[in-house]
Amino acid sequence: MTTQTAPQHDNLLGICHALGETFGFNPIVLRLAFLVGLVLAPEGSMIAYGVAGVAVLASKLLTRSSSKRPVQVLTHA
């Protein structure tokens, strides 16, 4: 049995994923809401997305753990 760390997959800033994970909802809902807001009020949506990006980045930097959680990978011999 081999132990490896799980790869981290973040898109653009990972804002929708991080907020969805934190508050317990599907990030697709937030992405759709952002797209609707982008059509209706592009300037406000971009500012809100930027502010959320800075907040998510700050929270990731402040809560970064020094130890990675290992993931067990079963291999067949």
Side-chain angles (χ1 to χ4, degrees):
M1 193 176 339
T2 306
T3 303
Q4 298 176 349
T5 58
Q8 185 177 3
H9 299 289
D10 283 339
N11 46 17
L12 191 55
L13 292 174
I15 296 169
C16 295
H17 176 76
L19 292 175
E21 188 175 278
T22 301
F23 295 110
F25 61 86
N26 192 339
I28 292 176
V29 174
L30 189 56
R31 290 178 183 127
L32 291 174
F34 174 69
L35 287 175
V36 169
L38 195 59
V39 170
L40 298 176
E43 297 88 9
S45 297
M46 293 305 293
I47 291 170
Y49 193 78
V51 168
V54 170
V56 167
L57 179 61
S59 71
K60 284 183 180 182
L61 292 175
L62 292 173
T63 61
R64 181 177 293 176
S65 175
S66 61
S67 63
K68 301 280 185 186
R69 190 176 74 179
V71 175
Q72 294 183 353
V73 178
L74 300 176
T75 57
H76 297 281

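We count residues from 1, following the sequence as given.
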Practice task
Please check if Phe25 and Phe34 belong to a single hydrophobic cluster, counting links between Ile, Leu, Val, Met, Phe, Trp and Tyr side chain heavy atoms closer than 4.5 Å.
Solution key: yes
Practice task
Please name all residues satisfying side chain to side chain contact (heavy atoms under 4.5 Å, CB included) with Ile28, sequence neighbours left out, ordered by chain then number.
Solution key: Asn26, Arg31, Leu32
Practice task
Nearest 0.5 Å please: distance from the OH atom of Tyr49 over to the CG atom of Leu30.
Solution key: 8.5 Å
Between side-chain atoms of residues 35-42 and protein atoms elsewhere (two or more places apart, or another chain), which donor-acceptor pairs fall under 3.5 Å?
none

Exercise for the section: Search all heavy atoms of Gly53 against all heavy atoms of Ile15 and return the closest pair with its distance. Expected result: CA-CD1, 3.1 Å
